[in-house]
Amino acid sequence: MYCKCLLIDHARQVFDEMLERDLVSWTSMISGYARSGDIEEAELLFGLMPDRDVVSWGAMMTGFVQNGCHEEALLLFREMQMGGVWPGEVAIVGALSSCASLGLRSLGMWIHGFVVRHDIELTVFMGTALIDLYGKCGDVESAYKVFGLMKERNMASWNSMIGGFAMNGKTKEALRLFSEMEKVGIEINSVTLSGVLSACRHGGLVEEGCYYFQYVPREYEVLLNVDHYGCMVDLLGRAGHVNEAFELINHMPVEPNEVVWGALLGACKIHGNLELGEHVLKKLVELDPQNSGNYVLLSNMYAMLGRWYDVERVRAVMRDIGVEKPRGWSSIEVNTVVHEFYAGDWSHPDISKVYEKLAELHGKMEVLGYNPSTGLLV
DNA sequence: GTAGGGTTAG
């Protein structure tokens, strides 16, 4: 990143000293800033450039999309439309990608209609963007229709289709498509594996998930990343293999992130594993000290175990670090009530009684729910 | 002879 910034600064120097700046140099700068994450500077230059063509509009669109500025991307697309600028394929692909990210199925469908009305060829990029759009918007039938219509498909098209099936609960279809991908001889990468594991997770297929988790990296030289591990931890944990999930984290070659620990925490909640839950929450607090939610959960857990000294300790840490409490009624506040209510009583409180008392005090329970089978406040 | 823009996981 640091290196990238130096390079773009140097390019800017050269650009500023140039006597003749043509479309290509303007567009290169815009794209360079966008790629280095400085979307404001990219936008500024786009506003300043004297002429624009289909490539510079496309570069600006892509810049917005790749920096997660989807509303801005769609506004730019609208601007093109209003200004009578013919959208090139790149701008269309960008607009579709933004629709997918925002879940705007109808706008995406309008753009699809535009493509069809104007006989614009369904290229690999456009087809893939449409598959992604329909998949993310829950219309997996349309996604598969587009997949079938494409004359040419690449790895991304197959990956999008597998991902679309996976996220819509079509586990078998996702796995079938993966086998077909293997049979046809399309290259398989880490995104493919993410789709396959996500399908297994959605369908609760523990054995199959474990199989692909081992088979795909061995067979195709795919490197396992933290997302793959997160998926497996979730899959194992939900199915009740909480200790196996923990073991997997302990043997990760990469540092587990908050997604991985979060998946294990979810499993601890579902299966009532308090000891491990405490350990996981400590890790989460370490990883993300500003996230109040983790403190709240940790405090909750201590409160449930009657460890009031620890409840107080967590609150003190929150005060010291200056963690902002979420708006409204936090579980920390609830715990204060619990604490006061049970002050001096060192026996484990009957949590359902506490729940009743709180409901009485506050009229309603906004934040907490009580799961009698695990004894957890959620 | 040509230059600058692209889709997929989470």
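In what follows, chains carry the letters A, B, and so on, assigned in the order in which the sequence lines appear, proteins first and then strands, with residues in each chain numbered from 1.
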Can you tell me which nucleotide in [options] comes closest to the side chain of [X]?
| X | options | value |
| --- | --- | --- |
| Ser56(A) | dG6(B), dA9(B), dG4(B) | dG4(B) |
| Thr128(A) | dT7(B), dA9(B), dG5(B) | dT7(B) |
| Thr123(A) | dG10(B), dT7(B), dG6(B) | dG6(B) |
| Ala156(A) | dG6(B), dT7(B), dA9(B) | dT7(B) |
| Ser28(A) | dG5(B), dT8(B), dG4(B) | dG4(B) |
| Asp22(A) | dG4(B), dA9(B), dA3(B) | dA3(B) |
| Leu23(A) | dT7(B), dG4(B), dA9(B) | dG4(B) |

If only side-chain N and O atoms count, and only distance matters, is there a donor-acceptor pair under 3.5 Å linking Glu278(A) with Tyr302(A)? yes
So, is [X] near the phosphate of [N], with a side-chain N or O under 4.0 Å from OP1 or OP2?
| X | N | result |
| --- | --- | --- |
| Ser157(A) | dT7(B) | no |
| Arg35(A) | dG5(B) | yes |
| Ser198(A) | dG10(B) | yes |
| Gln66(A) | dT7(B) | yes |

Nearest-Å distance, [atom1] ([X]) to [atom2] ([N])?
| X | N | atom1 | atom2 | answer |
| --- | --- | --- | --- | --- |
| Met181(A) | dA9(B) | CE | C1' | 12 Å |
| Phe125(A) | dT7(B) | CZ | P | 7 Å |
| Ile131(A) | dT8(B) | CD1 | C1' | 9 Å |
| Met161(A) | dT7(B) | CE | P | 19 Å |
| Glu187(A) | dT8(B) | CD | C1' | 13 Å |
| Ile162(A) | dT8(B) | CD1 | P | 15 Å |
| Asn225(A) | dT8(B) | CG | P | 17 Å |
| Leu45(A) | dG4(B) | CG | C1' | 14 Å |

From Thr128(A) atom OG1 to Trp158(A) atom CH2, the distance as rounded to the nearest 0.5 Å: 12.0 Å
Trp308(A) six-ring centre to Arg315(A) NZ/CZ under 6.0 Å and within 45° of normal: no
Any Lys/Arg nitrogen of Glu180(A) or Arg176(A) sitting under 4.0 Å from an Asp/Glu carboxylate oxygen of the other? yes
Any salt bridge linking Asp9(A) with Arg12(A)? Criterion: basic side-chain nitrogen under 4.0 Å from a carboxylate oxygen. no
